[in-house]
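Down below is the structure, laid out as structure tokens.
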2 protein chains.
Amino acid sequence: MDIKTLCLGILSLGDATGYEIKKMVAEGSFSFFSEASYGSIYPALGKLMAEGFVTCRAMAQEKRPDKKVYSLTELGREALTQSLRKNPDPDKNRSEFLAAILFCESVAPERVDDLIEDRIHEHEQKITALEGLLAGDMTPGSIFVVEYGVATQKAALEFLLKNQNKFSGQSPKGAGANLREVPTTAAE
Amino acid sequence: MDIKTLCLGILSLGDATGYEIKKMVAEGSFSFFSEASYGSIYPALGKLMAEGFVTCRAMAQEKRPDKKVYSLTELGREALTQSLRKNPDPDKNRSEFLAAILFCESVAPERVDDLIEDRIHEHEQKITALEGLLAGDMTPGSIFVVEYGVATQKAALEFLLKNQNKFSGQSPKGAGANLREVPTTAAE
DNA sequence: CACTATATATATCGTATTGATACTATTGGA
DNA sequence: TCCAATAGTATCAATACGATATATATAGTG
């Protein structure tokens, strides 16, 4: 999803400034499935203005720089509806962790255990954070999205807990320090 | 993970051409957690050459453009090991589907059911595809990665099957066709 | 009181990445 | 025979990212 559409969508939920959009994407329900930086948000808002999809009223504040509040126009609402009509592109998941698992195997197998151990804690934290979001007043949509996130995170966590032993003691080539108590995992 | 490290990692599993690297990232076990285009792979290989991390031997083929096979050097292997030493960055998940759920709510709520229905089929296909990968000869690492993928995909699928009714019949503004049998989900 | 960090708020800049495409040649199917 | 797909290289414009600059105010700390 390009940033223009993302901004359009966020503005469909209510007026916002560029700063607020950035915050929503970095925290809140959006953080689980999107990301955008100022360097893409501000140009996107500029283009949306030029296309007539959003308007901007500058709210002069004393002792603060002007706040530029963007609002969706009727034209913008139609453009968003149109975008939502076509099927969403498949998800893009990027995981340095999974890459590291694959690469460590050939280059530093003794590191895999730590990697998984750390990851388990990260999943636990992520789950706590997501469940914390469910406290505020949320729409059915954002509850759905957050719970979707919780479900997948929990599945990942359980997978790691079940399978972390599958690696231990395997091909201990040279390291030596990594075969503390070889577990009797199902031979194979 | 930047593309240079990704290339280094893939080459640690065996020699490859730029074309082959692209294929591995687009299909195979890598497709689940990484992505890269020619426009980033070729420049990355060029830089890795300049840094002495990879070598390249051109294999002249008749009736085809030269095949440039890249190999990891010992220096490159050390650089990769070094990169793997630091903790992997958190995953980045981008989902147009989840965004669409949120945005549809305010702009086209009658579309949500279709969105979920389609998504269920996509998850089923993805699971089949991932499980298909498990047939070939795989290292423990790639089995782990693929099964991690299967686990999360299945969790997502189950979540959607369980919760797809949570949306039906809610704020049926104008559509009318979407309130077939309102389920008695736990009132709340 | 000064110092530091964090929050509010806008915006730009260099670089990395994407997505599309060009070029050339072979294979396989309609 | 013609079209699409596969194999292989590579580049380019548009976009996105990540870091940073610019200001001001507040909150905490030594």
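Keep in mind that this is a model prediction, so the values were computed, not measured. Throughout, a chain's letter reflects where its sequence line sits, starting with A, and its residues are numbered from 1.
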Does A:Ser40 make a side-chain N or O approach to OP1 or OP2 of D:dC17 shorter than 4.0 Å?
yes
Side-chain N or O of A:Lys68 versus OP1/OP2 of C:dT10: is the shortest distance under 4.0 Å?
no
Side chains of A:Thr73 and A:Thr55: do they bring a donor and an acceptor to under 3.5 Å?
no
Whole Å only: how far is the NZ atom of B:Lys22 from the C1' atom of C:dT17?
11 Å
Categorize B:Lys4 for me: base, sugar-phosphate, or nothing, with a 4.0 angstrom heavy-atom threshold over every strand shown.
nothing
Gap between atoms OH and C1', on B:Tyr38 and C:dG19 respectively (whole Å)
13 Å
Examine C:dT18: is either OP1 or OP2 under 4.0 Å from a nitrogen or oxygen in the side chain of B:Arg94? Give yes or no.
no
Any idea how A:Tyr148 and B:Phe97 line up, ring-wise: parallel (<30°), tilted (30 to 60°), or perpendicular (>60°)?
tilted
Is there a side-chain contact between B:Tyr19 and the phosphate of D:dA7, meaning an N or O under 4.0 Å from OP1 or OP2?
yes
Checking all strands, does A:Gly18 fall into the base, sugar-phosphate, or nothing category for heavy-atom contacts under 4.0 angstrom?
sugar-phosphate
State whether B:Arg94 and A:Asp89 are salt-bridged, where the test is any N-O pair (Lys NZ or Arg NE/NH1/NH2 against Asp/Glu carboxylate O) under 4.0 Å.
no
How many whole angstroms separate atom NZ of B:Lys23 from atom C1' of D:dA5?
12 Å
Counting side-chain heavy atoms from CB outward, which of D:dG18, D:dG8, C:dT12 is closest to A:Tyr42?
C:dT12
When you get a sec, tell me which of D:dG18, D:dT9, C:dT18 is the closest nucleotide to the side chain of A:Ser37?
D:dG18
Taking C-beta and beyond as the side chain, do A:Val150 and A:Glu131 meet within less than 4.5 Å on heavy atoms?
yes
